[in-house]
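One structure, as structure tokens, below. Some questions next.
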Amino acid sequence: MSESTIESILEEKRLFQPPDQFSQTAHIKTIEQYKEVYEKARNNPEGFWAELAETELDWFQKWDKVLDWQPPFAKWFVNGKINISYNCLDRHLTTWRRNKAALIWEGEPGDSRTLTYAQLHREVCQMANVFKQLGVKKGDRVGIYMPMIPEAAIAMLACARIGAPHTVVFGGFSADALKNRLVDAEAKLVVTADGGWRKDAIVPLKEQVDKALIAGAPTVENVLVVKRTAQKIQMEPGRDHWWHELQKGVSGECPAEPMDSEDMLFILYTSGTTGKPKGVVHTTGGYNLYTHVTNKWAFDLQDTDVYWCTADVGWITGHSYIVYGPLSNGATSLMYEGAPRASNPGCLWDVVEKYGVTIFYTAPTAIRALMKMGEQHPNARNLTSLRLLGTVGEPINPEAWMWYHRIIGNSKCPIVDTWWQTETGGFMITPLPGATTTKPGSATLPFPGIIADIVDQEGEAVDGNNGGYLVVKHPWPGMMRTVYGDDDRFRRTYWEYIRPKNGEYIYFAGDGAHKDEDGYFWVMGRVDDVINMAGHRLGTMEVESALVSHPAVAEAAVVGKPDEVKGEEIVAFVTLEGEREANEALEKELKQHVVQEIGAIARPGEIRFTDDLPKTRSGKIMRRLLRSLAAGQEIAGDTSTLQDRSVLDKLRGGA
Ligand code: WT7
């Protein structure tokens, strides 16, 4: 299809109806049914969630109260006793699913493994027993720094089983970033691997753990190491243990600890507008229910599906929609260690063909990268097993949407564009694929039970067309409960930015959005100082603090610049100390410094040296102006608060 044909389709603002065949067997079959469920949930949210909690999950003890809402602190299913590992494993063992594939895993070098529910249960129990041997008790935190191998999921489920909250740190983070997270969470144990395979190279995870522990994470007593890549690594006697050695002879039974519904399940760090990442806290019962139901309805999970979410377990998408949501549903969840690379640009499609993947979920940035690699790769594989596609992470541009639809979905698969966040635990605005007519670029309508709106800073609904702040007005079971160790930051960041006159607490997501005449939401992107680069969320302040920690840097301002593939690219404006000279070598050194402080995911694309930064009279850096400069746009809007107008001219001139 030529560019102009695509354009004409987009101009027509084409609507994509759910295919009849899809709707007929879907959990939610029509838009009327969606509306009915939505209204029911809106009129009685607690009754709605309670009914689902009763029918969809297994509880050791029923709750006394569905919701205890002391704004902005929520408790769901008060005094209910539950274990998410039990819901993901044990309860399937007494059914025909006992020998169904729970996890299908494909390694980057082409090795593979399938674990049935019974096998996964056994391994999880064994790891849980090993954790106990290593002195981990209910309530202790466990750091997980792993490649995409089954043991990553096993470690999470083992933690959940004994009630030890996990904090998974994405394997792409540096030793420093890992250390900071282990320190903040006061982790007692770290589970890692010798390494992982990524683009034909070994990611030396254990070496990073060693560095992190030398840098100082005093609470860590033991390190459990999974053998994956088998290169030589250091093992410190007494502290470091091989998983395959400790696993020997350990019982494959370990009763799931009855957890309070509000016991912490995990902490997951995410970037915000300050230099320090926030430990987002999720608890047990509500999170289990929310990921279960959203996964089931928005992905229309059926027992015959082979469901593949390409995220890393180190992100919320991996937590909610590789591990907990799918397994709680008794689905088959596929995990892939690798990524498209020069030596195998079609590897994702090989995996789809090999396992007959039916549901495929990835990010717009990945779709754009795949588009660039060329349609010959998907075209050379048999992708006819696919019946549903999904996207997450950023607004999807209509061109990418159309390519995904035509080339991957063979023009027959619905696409669910799921809007949500680390903080929300699960999907908030998403099509239900058997019911919702989709429009390329829109996440469409709120999930039942979610009251979303677009408002101004006073919380007043605004004319959707003009856009405003995207907010959520009623608590939901999957919501984050607090920032680990910092209730105050939780309140300030999410609940006090929008200030309604009646004092009501409204959740602000950090995104701007508008709504069209059909009530469809169009998320426009972050309105705060957060960058979304290649599907990774980074705080500009975080990158700035990394830069200024370099002795040559006096001041730094970081902004996002639109990028065709990554969505956004980091541009750093840097002023130097004293007589330091701006040159290419220093630019390289500073980029490398950021990689060391945070990880390769935060490497700035461009560093611009400048004598001065544009500031307001009160000394606040005017990032808005820098964003326009970085994007090569004219500077629009008000510049009257600028302290020194000549700074802008200089920056424009030849920075
Ligand atoms: C931010 C959350 C939730 C898992 C992936 C990222 C952006 C996410 C969409 C979407 C437009 C989206 C938002 C949001 N975002 N999904 N479908 N359409 N924007 O999780 O790192 O917590 O980032 O990602 O800006 O606030 P995260």
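Note that ligands are numbered from 1 as they come in the structure, with each ligand's atoms numbered from 1 the same way. Because only heavy atoms are used, hydrogens play no part in the values below, and waters and symmetry mates are left out as well, while side chains stay in.
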Once side-chain hydrogen bond (donor to acceptor under 3.5 Å, both in side chains) is applied, do any residues pair with S328, and if so which ones, sequence neighbours excluded?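 Partners of S328 by the side-chain hydrogen bond (donor to acceptor under 3.5 Å, both in side chains) criterion, ordered by chain and then number, come out as R91, N288, H292.
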Without hydrogens or angle criteria, can the side chains of Y269 and T422 be said to hold a donor-acceptor pair below 3.5 Å?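 Judged by distance alone, the side chains do not pair up.
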For residues 460-475, which side-chain donor-acceptor pairs fall under 3.5 Å, sequence neighbours excluded?
residue: D463; atom: OD1; partner: N465; partner atom: N; Å: 3.3
residue: K473; atom: NZ; partner: D453; partner atom: OD2; Å: 3.3

Short question: side chain of S442, backbone of T444 - any donor-acceptor pair under 3.5 Å?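 Yes, the answer is positive, given that a donor and an acceptor are paired below the 3.5 Å cut-off.
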Residues that T482 engages under side chain to side chain contact (heavy atoms under 4.5 Å, CB included), provided they are two or more places apart: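 For T482, the residues satisfying side chain to side chain contact (heavy atoms under 4.5 Å, CB included) (neighbours in sequence not counted) are F73, V281, D487, F490.
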At a 4.0 angstrom heavy-atom cut-off, what protein residues surround ligand 1?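 These residues qualify: I316, T317, V392, G393, E394, P395, D417, T418, W419, W420, Q421, T422, D511, V523, R526, N532, R537.
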T167 versus Y484, side-chain donor and acceptor atoms under 3.5 Å: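 Side-chain D/A pair, Y484 to T167: absent.
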